[in-house]
Amino acid sequence: RVGDGINTAALAALVALFVLTFAATRFGRVKKELKKLAERRGGRRASQIVANLGVAGLCAAMGWHAGCIAALAEAAADTVSSEIGQVVGGRAWMITTGRRVAAGTDGGVSVAGTVAGVLAASVVVGVGGIHGALEAPQALLVFAAACAGLGVDSVLGATVERRGWLGNDLVNFSSTLFAALVVVAWMVVRG
């Protein structure tokens with residue numbers, strides 16, 4: 001049954017997100033701790049979980065598999081890009097100005113972090129498309145939306161988060177929502 005394949009694919013994408021983010025968070029932990037950039041050891045707060053997975057859960061409940069995978073892929077891309085970029089990215093550039101900033105600065109991007117995030121998104125989209133749950137053109141759209149959401153996250157970090165207007169949880173929620181809405185809007189327009 002198609003629904004079972006989609007449920008299996010969404011669950012597999014969720015597991016891929018957990019594995020990727022777990023590994024990235026622990027990668028170079030000592031170095032991140034010395035720079036005071038490491039996630040707290042107690043694990044994620046409930047607000048962080050809702051911020052990163054809430055949109056995917058809503059899309060799954062609505063039967064919007066592609067939107068669900070886009071949100072999961074964006075969440076994975078964001079976490080992996082930040083965690084890897086802080087360790088191997090060296091200095092970063094502010095996405096809105098191009099000025100050099102220290103790794104870990106809200107809105108800062110590095111080549112290593114961005115590449116790691118894009119790779120994480122591709123893994124989640126690939127896993128989310130198993131058993132034909134996403135057709136090739138749809139998978140490409142989902143991947144592009146997740147990468148665009150990663151960019152939106154950085155822009156929001158550089159602007160509204162740096163000014164204190166939104167916290168990181170709302171920035172993450174907004175970015176996953178953006179990725180999912182791109183996909184859902186495209187599907188509605190295409191009929």
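Excluded from the calculations below are hydrogen atoms, water molecules and symmetry mates; all remaining heavy atoms, backbone and side chain alike, are included.
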Fill in: Ser81 versus Thr114, closest heavy-atom pair with distance
CB-N, 4.4 Å

Item to complete: Side-chain contact test, heavy atoms from C-beta onward, threshold under 4.5 Å: evaluate it for Met94 versus Thr105 and give yes or no.
Response: yes

Worksheet item: Only one of Thr25, Thr79, Val80 forms a side-chain contact (heavy atoms from CB on, under 4.5 Å) with Leu20, so which one is it?
Response: Val80

Discussion item. Evaluate Ser175 against Asp78 for side-chain contact (heavy atoms from CB on, under 4.5 Å), listing each step before the verdict.
Written reply: CA-CA 9 Å; Ser175 302; Asp78 175 37; over 6 Å; no

Item to complete: Please check if Leu14 and Leu134 belong to a single hydrophobic cluster, counting links between Ile, Leu, Val, Met, Phe, Trp and Tyr side chain heavy atoms closer than 4.5 Å.
Response: yes

Worksheet item: Which other residues belong to the hydrophobic cluster containing Leu177, where Ile, Leu, Val, Met, Phe, Trp and Tyr are joined when side-chain heavy atoms lie under 4.5 Å apart, directly or via other members?
Response: Val55, Phe173, Leu181

Worksheet entry | Heavy-atom closest pair, residues Ile69 and Gly128 | CD1-CA, 3.8 Å

Worksheet item: What are the two closest heavy atoms between Ala92 and Ala102, and how far apart are they?
Response: CB-O, 4.5 Å

Worksheet item: How many angstroms lie between CG in Asp169 and CD1 in Ile49, if you round to the nearest 0.5 Å?
Response: 10.0 Å

Worksheet item: Going through the distances and angles, do Gln138 and Arg190 end up as a side-chain contact (heavy atoms from CB on, under 4.5 Å)?
Response: CA-CA 11 Å; Gln138 191 179 38; Arg190 294 216 27 173; over 6 Å; no

Fill in: Check: Leu72 and Leu53 side chains under 4.5 Å, non-hydrogen atoms
yes

Worksheet item: Rounded to the nearest 0.5 Å, how far apart are CG of Leu11 and CG of Asn7?
Response: 8.5 Å

Worksheet item: Where is the tightest heavy-atom contact between Val101 and Gly108, given as atom of each residue plus distance?
Response: CG2-CA, 3.9 Å

Worksheet entry | Closest contact, heavy atoms only, Gly157 versus Asp106 | O-CB, 3.4 Å

Worksheet item: Between Val123 and Val19, does a side-chain contact (heavy atoms from CB on, under 4.5 Å) hold up when you go through it step by step?
Response: CA-CA 11 Å; Val123 169; Val19 169; over 6 Å; no

Fill in: Between CE on residue Met62 and SG on residue Cys68, distance to nearest 0.5 Å
13.0 Å

Discussion item. Quick check on the hydrophobic clustering: are Phe178 and Leu166 connected, directly or via other members, by side-chain heavy-atom contacts under 4.5 Å?
Written reply: yes

Worksheet item: What residue among Thr159, Val160, Val171, Leu170 forms side-chain contact (heavy atoms from CB on, under 4.5 Å) with Trp165?
Response: Val160

Discussion item. Do Leu156 and Ile95 land in one hydrophobic cluster if side-chain heavy atoms of ILVMFWY residues count as linked below 4.5 Å?
Written reply: no

Worksheet item: From Ser47 OG over to Asn52 CG, what is the distance, rounded to the nearest 0.5 angstrom?
Response: 9.5 Å

Worksheet item: Linking I/L/V/M/F/W/Y whenever any side-chain heavy atoms sit under 4.5 Å apart, do Phe18 and Phe27 land together?
Response: yes

Item to complete: Spell out, yes or no, whether Phe143 and Trp186 are grouped together once hydrophobic residues are joined by side-chain heavy atoms under 4.5 Å, including indirect joins.
Response: yes

Item to complete: Indicate yes or no: at least one non-hydrogen side-chain atom of Glu74 is less than 4.5 angstrom from one of Val124.
Response: no

Discussion item. Give me the atom names and distance for the closest heavy-atom approach of Ala77 to Ala121.
Written reply: CB-CB, 4.0 Å

Worksheet, complete the sentence: Note: with side-chain heavy atoms under 4.5 Å as the link, the other cluster members for Val50 come out as none

